[in-house]
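Read the structure below first, then the notes.
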Protein chains: 2
Amino acid sequence: MGDSTKQLDRAFAALADPTRRDLVARLSIADATVGELAEPYDVSLQAISKHVKVLEDAGLVTRSKDAQRRPVHLNPEALDLMTQWIERYRRDAEARYRRLDALLARTAQDDEERGTDKEQAS
Amino acid sequence: MGDSTKQLDRAFAALADPTRRDLVARLSIADATVGELAEPYDVSLQAISKHVKVLEDAGLVTRSKDAQRRPVHLNPEALDLMTQWIERYRRDAEARYRRLDALLARTAQDDEERGTDKEQAS
DNA sequence: GTTGTATTCAACCAATTAGTTGAGGACGAT
DNA sequence: ATCGTCCTCAACTAATTGGTTGAATACAAC
């Protein structure tokens, strides 16, 4: 199992939680310490610390050291990895459906021209 | 809690599993029945059926009825919803870091021009 | 050195999840 | 009507997860 597999596992799992998505949204505006991040929620500071650790293990954020503070910093490259995975397959699927739609439209037009309603093209 | 919140919860959680990501990858090529999907893996058919249900509850796939078969069909729009969420915040973060980098570069240049190496800007 | 602040570690609990096996439902073919 | 096929439902298990509280660490400041 490739290494990027586990990375994607963790990244998608990390964003599956609404609190963690909210943290990411806030970190896209500005870096913040764990304490600052925890302030708006009515869960314990430790719970938020855990959430940040999940984001960190997923590679979505990094932490630096500033005295006893640990400023959390969003890592856009990890987000980019996710979109690239998704977009690859979304594009394939959409291209396929466009081709299928075009084929169906052409077939329907042919039928109409021939005045047929329910025939096999053999 | 918004409705799109739960949708995103489920979609991200669904793609957090490597087997389910593999299913999505294969469905981007062609629709397939549960039996066909299950064939390559060495887990039970029921396990794959459950995985497909998770993808379905997340809105990532739909199922039609063809006799006793249930062809599974990838839904690119759900994937699009995910990329839109991610890209919004990725763009914000990257724009912010670009601005910060530019500022730092400018400051470093100013320092150099003044011949200073480690000074506070008041 | 003692105090205060910022954060993590550890142990625990309840809920969820990915897997199993066994039974059952829906449908086509004979 | 019965048989085989495709698939889901139900019940169970083991592992993971999001939350809790209490103790410990790291550092600045006094």
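In what follows, every chain begins at residue 1, and chains take the letters A, B, ... in the order their sequences are listed. The figures here come from the full heavy-atom set of this structure, side chains too, leaving out hydrogens, waters and symmetry mates.
Note: NZ (B:K53) to C1' (D:dC7) measures 13 Å, nearest angstrom. The CD atom of B:E56 sits 13 Å away from the C1' atom of D:dC7 (whole-angstrom rounding). As rounded to whole Å, 15 Å separates atom P of D:dT17 from atom CG of B:D9.
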Could you list the protein-to-nucleotides 19-23 of chain C atom pairs, N/O on both sides, closer than 3.5 Å?
unit_1: C:dG19; atom_1: OP2; unit_2: B:H51; atom_2: NE2; d: 2.2
unit_1: C:dG19; atom_1: N7; unit_2: B:K50; atom_2: NZ; d: 3.0
unit_1: C:dG19; atom_1: O6; unit_2: B:K50; atom_2: NZ; d: 2.2
unit_1: C:dT20; atom_1: OP1; unit_2: B:S44; atom_2: N; d: 3.4
unit_1: C:dT20; atom_1: OP2; unit_2: B:S44; atom_2: N; d: 3.1
unit_1: C:dT20; atom_1: OP2; unit_2: B:S44; atom_2: OG; d: 2.7
unit_1: C:dG22; atom_1: O6; unit_2: B:Q46; atom_2: NE2; d: 2.9

What are the atom names and distances for every N/O pair under 3.5 Å that joins the protein to nucleotides 3-5 of chain C?
unit_1: C:dT5; atom_1: O2; unit_2: A:Q68; atom_2: NE2; d: 3.4

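Between B:R63 and D:dT8 there is a side-chain polar atom (N or O) within less than 4.0 angstrom of OP1 or OP2. Here A:S49 does not reach the OP1 or OP2 of C:dT7: none of its side-chain N or O atoms lies under 4.0 Å away. Between A:K65 and C:dT7, a side-chain N or O to OP1/OP2 separation shorter than 4.0 Å is absent.
Partners of B:A95 under the side chain to side chain contact (heavy atoms under 4.5 Å, CB included) rule, at least two apart in sequence or in another chain, are B:R98, B:R99. Every residue two or more places apart in sequence or in another chain that forms a side chain to side chain contact (heavy atoms under 4.5 Å, CB included) with A:Q46 is listed here: A:S44. With sequence neighbours left out, A:A16 forms a side chain to side chain contact (heavy atoms under 4.5 Å, CB included) with B:F12, B:A13.
Electrostatic pairing of A:D31 and B:R96 counts as a salt bridge here, judged by a charged N lying under 4.0 Å from a carboxylate O.
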Considering only distance and modelled atom types, tabulate donor-acceptor pairs under 3.5 Å from the side chains of residues 48-55 of chain B, sequence neighbours left out.
unit_1: B:H51; atom_1: ND1; unit_2: B:R20; atom_2: NH1; d: 3.2
unit_1: B:K53; atom_1: NZ; unit_2: B:D57; atom_2: OD2; d: 3.3

